[in-house]
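The basis for the numbers below is simple: all heavy atoms, side chains too, and nothing from hydrogens, waters or symmetry mates. First the proteins, then the strands, lettered A, B, ... as listed; each starts at 1. Keep in mind the model is a prediction, meaning the values are calculated, not measured.
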Amino acid sequence: MAELPKAYDPALTEDRIYKMWEDSGAFKPTGKGEPFTISMPPPNATGQLHLGHAVMLALEDIFIRFARMQDKDALWVPGTDHAAIATESVVIKRIQKEEKMPDPRAKLGREELLRRIADFVEKSRGTIRSQVRKMGSSCDWSRERYTMDESLNRCVNEVFCSMYNDGLIYRGERVVNWDTALQTTISDDEIVHEDREGTLYTIEYLSAKQTGGAAVHVATSRPETKIGDSALVVHPDDKRYHSLIGKSFTVQWPRGIETKITVIADHSIDPAFGTGVLGLTPFHSKTDEELWKRHKGEITSAPIHLIGENGRMRKEAGGYAGMTVEEARAALVEDLRSEGRLVKEEKYTQPISLSYRSGKPVEPLPKLQWFIDVNKPVVQWKGKSMSLKQVMQDVVQSGDISIVPDRFEKTYFHWIDNLQDWCISRQIWWGHRVPVWYKGEEISVGTTAPGGKGFEQDSDTLDTWFSSALWTWSTLVDPKLTQDFSLSLSDILKNSPDFQRYHPTAVMETGYDILFFWVARMILMTTYATGQVPFRKVYLHGLVRTRDGKKMSKSHPETMIDPLDMISKYGADALRLSMIVGQGPGADSRLYEEKIAGYRNFINKLWNASRFVLMQCEQAGVDPQSIEKLPDVSTLSLADRAILSREQAVMQHVTDGLINYRLSEVGEALYSYVWDDYCDWYLELSKGNANTAVLVHTLRKILILLHPYCPFVTEELWSSIKPKKAGMLIAEQWPGLKPERKDAKAEAEFLVLISVIQSIRKLRTDQNIEPGKQVPITLCTDAHAELLTSQAEHIKRMGKLSELTISGTKQKPADAASAFLDGIEVYLPLEGLVDTGKEKTSLTKEQANLEKFISGIEGKLQNKEFIKKAPPALIEEQKAKLCEAQDKLKKISERLKAL
RNA sequence: GGGCAAUUAGCUCAGCUGGUUAGAGCGCCACAUUGACAUUGUGGAGGUCACAAGUUCGAAUCUUGUAUUGCCCACCA
């Protein structure tokens, strides 16, 4: 048997073990048993693994290993995401910086830029792959996918066409969110709202002369858009403006600009805000556009497209054309001021919309784009025609999909309620190109280019979430089939064995921050495209924060914890535990190095416990691998019987916990079982009279139960201690319960033994006995004499006793320090050396505790209502406790009196 | 403006369906260094469970309200 080193060294172990797993094919599904699939949320193909990925990988690896050990047909599909906007902008920035090329898109052209991005991605994907391996992720690499794979592209195109044919995808001129920095549209979800200090300007919009009554003032935070107004909107009940409703005016603006507006009424207007009049700018505000659509018929003038995609005023802005929005605002305000039309300027907290991607303000402007209609009731679902929204609601409401923690179901429904048509086209090049071709007025939508000359493909690409939304199933279709264009999507699905067997997936695990971006979109697209839900359960983890609860951010590198650093320092197992234990689903958590180091210590504890077991075997001349069966339980020692009984409880707890996704609790339970029960008591008590069969058996169980959490160290130890015939731990079967091993009496007696030893140790400390010195002890007991006698050797060794006397309660040694347990009196005879002060302090404290406890219980028991209504078992329990406590109190009081 | 969550030891967190003398890890104090482990062991100190009212025989746990903190959503121009 090879000697294990004194401390566990993950660096010498992890890569070797991972390779062994991978080479053995253990990550591949067996094809037998109940299928259990996880789709790995694909990390961006650009970057580095961060803690968010690490948490995801750890959780999913636990799920999948547990399933695999339960003999399920476990498949975990890995992959990477092309991350359209993020990747393109990263590569463009690099080229700009490294090659001093200000506009790579213009200079390189579409084809060359795409080639460069693809190159870059290929390199990064290699990095990501190796980092995913470092975490110990047991995913099936032979099924690895990439969102830009040809087969996935086929799926994307198929879904696009099918939705187009169903009228769910349409092209329309609408106000969209324009990111002027990235020069593309973005979806509503990619907008972040922020409050900024702004100014609310009140301007004289119509003069008294024009209205024939009072002048009309309008408050606005964006004066520059007012020259693009089509209407003024007031509340229908607002008496101030009653006479104006329905009238049209020509508004004179500085620099010779003239607009025509109509005054209309709408209930959405708040008469108390500003002047109660809203200047309606249909082309540069989504809300205004909505309002405008409702009142189109009443408004005579057409909307004005004022702001261009470059963020500058267009020629429609007359004298302000060419200025940036900010410049135009300043200029117009000055002009109005000099005309005396600037009535008021006030400080104002303005909610503004920023691009999630670029961090720059989003400019709403009209643009011809592709959208997904979420309200059209044409999706066949459960025999009904529903809208995409309705299907999304149904699957969660009906329980086809459940979300952990369930409060996020509310959030999800709320999001759907507010969901509007999804703008899916992007003006970037990196991504799945919109499968539409144009020739003059002619449009061709298809998975392949149309025949005939003169067709040109739409230059836009699809939102990256469009392809990610297909992830759970597009990764399972047979790539060969996708090359055959005579097949329909449903043919492909029907004939793809993996899709047939492994979809829907069992659980989707991801951060709550992409519930809307991704999880909801997967539900939307997958139900439509496949008629199945993408997954049965959604498990959401929270954000990993710094020790102070701050967000880790790239701009503050000192706040970042790099998972790979931590792995090389403490090992992947320790990192995994530190991210799982102590954090519930959906809640943010804090991570810091000491925490990881703590779990490294735990791993090392396990390592040394195993060394101890191996050493015991060696000393007994037993080959641990040859141990197969447990001896007859009745022949075993108290400690053996107790640990075997505890083991059953732990096994049950762990299994139930994993089934119910209570990972933190399970981790804690295992931690304390291994460290407290197993190492501190069971192994200690085994010294000198070890039963190697039980030692080996219980250690094996520990390795099995811990394997999903810390796969590396457990696998490594398994090789020394597994039964000869057994294979790798990763493929080991999850143990079933053996209720006959439960032994409440043994566990109770074990606790008595522990409490005796602990109380002796405390007496020693209280009496300042040198740690090495052996002392005599007398235990006086009527109830536990037999037990204590049988355990005398243990008590002597662990209490470092020179002599142990066990007697009845009638004879008590004089001149001894004392302590009192339930039914046992512990005496440390010291021949005149007893530190009575210390003993008094200790006993007085105990006395006070007991008195408090007793009066509490007595209060309860004297309460008639309690006696009447509490469950009888509880009452009995309380009575028993009271007796014990009173007995103990009596002894302590007597002793105190004697002192 | 709407919604959601959190508030338990110095720090990070458990405490599941109400009955515990309220727990863990780290940190702290004291002690211990030759055979599993100092990445350790032994013993200890430390909490009116944010506040208030209510339900109940009984509340850290349920209800309501308040406060503080954080997050999400939202068309006050």
Side-chain angles (χ1 to χ4, degrees), chain A residues 4 6-8 193 200 218-222 225 233 268-270 272-281 285-291 350-351 405 407-408 410-411 414-415 417-418 512-513 515-516 542-543 547-549 570 574 581-584 586-592 594-595 597-616 656-657 660 662 664-665 668 671-672 675-676 679-680 683-684 687 758 761-766 768 770-772 849-850 852-854 856-857 859-860 863-871 873-875 877-878 881 885:
Chain A
L4 297 180
K6 236 175 144 173
Y8 171 61
H193 298 278
L200 187 66
V218 168
T220 178
S221 57
R222 295 203 59 183
T225 64
V233 196
S268 67
I269 300 301
D270 175 5
F273 186 86
T275 60
V277 186
L278 166 74
L280 189 80
T281 323
S285 154
K286 282 202 167 190
T287 25
D288 287 11
E289 186 194 28
E290 286 296 311
L291 256 171
Q350 183 187 4
R407 62 189 152 86
F408 278 100
K410 249 189 201 172
T411 320
H414 186 246
W415 179 78
D417 291 342
N418 289 309
Y512 65 72
D513 51 328
L515 177 61
F516 307 141
L543 234 59
R547 175 188 207 106
D548 318 308
Y570 303 106
V581 180
Q583 23 239 54
D588 290 354
S589 62
R590 304 177 186 205
L591 189 69
Y592 38 88
E594 302 96 281
K595 209 175 195 171
Y599 288 103
R600 184 268 321 265
N601 297 354
F602 170 71
I603 303 280
N604 194 54
K605 188 77 183 174
L606 174 68
W607 180 261
N608 277 292
S610 307
R611 288 180 64 218
F612 175 79
V613 171
L614 290 171
M615 201 187 76
Q616 295 297 313
D656 289 354
N660 294 307
R662 284 151 69 153
S664 170
E665 202 189 309
E668 255 177 294
Y671 183 101
S672 114
W675 204 312
D676 305 338
C679 294
D680 286 354
L683 292 188
E684 288 301 327
K687 284 179 180 167
Q758 279 177 329
R761 285 172 175 170
K762 181 154 163 36
L763 265 182
R764 294 181 58 113
T765 310
D766 282 353
N768 286 321
E770 283 167 45
N849 281 343
L850 279 170
K852 202 175 126 205
F853 180 58
I854 287 169
I857 285 200
K860 267 189 214 172
N863 185 331
K864 283 190 190 116
E865 293 298 306
F866 176 74
I867 299 296
K868 208 159 53 182
K869 292 182 182 163
L874 183 73
I875 297 174
E877 192 189 308
Q878 297 288 316
K881 276 188 182 175

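A/Pro871 comes within 4.0 angstrom of a base, heavy atoms only. If you check every strand for non-hydrogen atoms under 4.0 Å, A/Leu543 touches nothing. At the heavy-atom level, A/Arg547 lies under 4.0 Å from the strands shown only through sugar-phosphate atoms. At a threshold of 4.0 angstrom between heavy atoms, the contacts of A/Glu684 include nucleobase atoms, whether or not backbone atoms are also involved. Looking at heavy-atom distances under 4.0 Å, A/Lys852 makes no contact with the nucleic acid at all. The residue A/Lys864 sits apart from the nucleic acid: no heavy atom pair falls under 4.0 Å. Using a 4.0 Å heavy-atom cutoff across all strands shown, A/Gln758 reaches sugar-phosphate atoms only and no base atom. Using a 4.0 Å heavy-atom cutoff across all strands shown, A/Lys286 reaches no nucleic acid atom at all. Residue A/Asn418 is classed as a sugar-phosphate contact, given heavy-atom separations below 4.0 Å to backbone atoms only. Heavy atoms of A/Glu668 sit under 4.0 angstrom from primed sugar atoms or phosphate atoms, though from no base atom. A/Arg600 comes within 4.0 angstrom of a nucleotide base, judged by non-hydrogen atoms across all strands. At a threshold of 4.0 angstrom between heavy atoms, the contacts of A/Gly582 are confined to the sugar-phosphate backbone, with no base atom among them.
With a 3.5 Å ceiling on both atom-pair distances, the Watson-Crick or G-U wobble partner of B/rA52 is B/rU64.
Closest approach to the A/Asn601 side chain among B/rU40, B/rU20, B/rC76 is made by B/rU40 (side chain taken as heavy atoms from C-beta onward). With B/rG19, B/rU20, B/rC26 as the choices, the nucleotide that has an atom nearest any side-chain atom of A/Glu594 turns out to be B/rC26. Closest contact between the side chain of A/Ala609 and the listed nucleotides B/rG25, B/rA36, B/rG19 involves B/rA36. In this structure, the nucleotide among B/rU39, B/rU12, B/rU20 sitting nearest to the side chain of A/Asn604 is B/rU39. Side-chain proximity of A/Trp675 to B/rU20, B/rG41, B/rG19: nearest is B/rG41. Side-chain proximity of A/Tyr592 to the nucleotides B/rU12, B/rU40, B/rA36 is greatest for B/rU12. The side chain of A/Asp270 sits closest to B/rC76 out of B/rC72, B/rG19, B/rC76. Here B/rC37 is the nucleotide among B/rU39, B/rC37, B/rC4 with the atom lying nearest to any side-chain atom of A/Lys605. When the nucleotides B/rA5, B/rG35, B/rA32 are ranked by their closest atom to the side chain of A/Arg407, B/rA5 comes out on top.
Distances shorter than 4.0 Å separate none of the side-chain N or O atoms of A/Arg764 from OP1 or OP2 on B/rU42. Not one side-chain nitrogen or oxygen of A/Trp415 sits closer than 4.0 Å to the OP1 or OP2 atom of B/rG2. Close to B/rC73, at under 4.0 Å from its OP1 or OP2, lies no side-chain N or O of A/Lys410. Side-chain N/O atoms of A/Asn660 include none lying less than 4.0 angstrom from OP1 or OP2 on B/rC16. Remark: A/Lys595 is not in phosphate contact with B/rC26, judged by side-chain N or O atoms under 4.0 Å from OP1 or OP2. At the phosphate of B/rA74, OP1 or OP2 sits under 4.0 Å from a side-chain N or O atom of A/His193.
What you find for A/Leu543 and A/Asp588 is that their closest heavy atoms are N-OD1, 2.9 Å. Summarising the geometry of A/Gly542 relative to A/Tyr512, their closest heavy-atom pair is CA-CE2, 3.4 Å, with the distance given to 0.1 Å. A/Thr281 and A/Thr225 make their closest contact through CG2-O, 3.4 Å (heavy atoms, listed as atom of the first residue, atom of the second, distance). In terms of heavy atoms, A/Val218 sits closest to A/Thr275 at CA-OG1, 3.6 Å.
Atom pair A/Leu591:CG and B/rC11:C1' shows a separation of 14 Å (rounding to whole Å applied). One interatomic measurement links the two molecules: CZ of A/Phe602 to P of B/rA36, which rounds to 20 Å at whole-angstrom precision. Computed from coordinates, the A/Lys687 NZ to B/rG35 C1' distance equals 9 Å when rounded to whole Å. Rounded to an integer number of Å, the gap from CG of A/Asp588 to P of B/rU69 is 17 Å. Spacing between atom CG of A/Asp680 and atom C1' of B/rG25 amounts to 14 Å, rounded to whole angstrom units. At whole-Å resolution of the value, OH in A/Tyr8 and C1' in B/rC37 are 16 Å apart. Atom CD in A/Gln350 sits about 16 Å away from atom C1' in B/rA74, given to the nearest Å. Rounded to whole angstrom, the span from the CZ atom of A/Phe273 across to the P atom of B/rC76 amounts to 10 Å.
Residue-to-nucleotide contacts include a donor-acceptor pair under 3.5 Å from the side chain of A/Arg662 to the base of B/rC16.
When the P atom is compared between B/rU68 and B/rU21, the two are found 36 Å apart, to the nearest whole Å.
A salt bridge does not link A/Lys286 to A/Glu289: none of the charged nitrogens lies less than 4.0 Å from a carboxylate oxygen. Taking 4.0 Å as the cut-off between side-chain N and carboxylate O, A/Glu594 and A/Arg547 count as a salt-bridged pair.
Counted by atom type alone, A/Gln350 and A/Ser221 present one or more donor-acceptor pairs between their side chains at under 3.5 Å.
Mapping A/Tyr599 and A/Arg761 onto RNA chain B by nearest heavy atom places A/Tyr599 closer to the 5' end of the strand. Of the two residues near RNA chain B, A/Lys762 and A/Glu665, the one whose nearest nucleotide lies more 5' is A/Glu665.
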Task: Criterion side chain to side chain donor-acceptor pair (under 3.5 Å) on A/Tyr570 and A/Asn604, from CA distance to verdict - done: CA-CA 10 Å; A/Tyr570 303 106; A/Asn604 194 54; over 6 Å; no
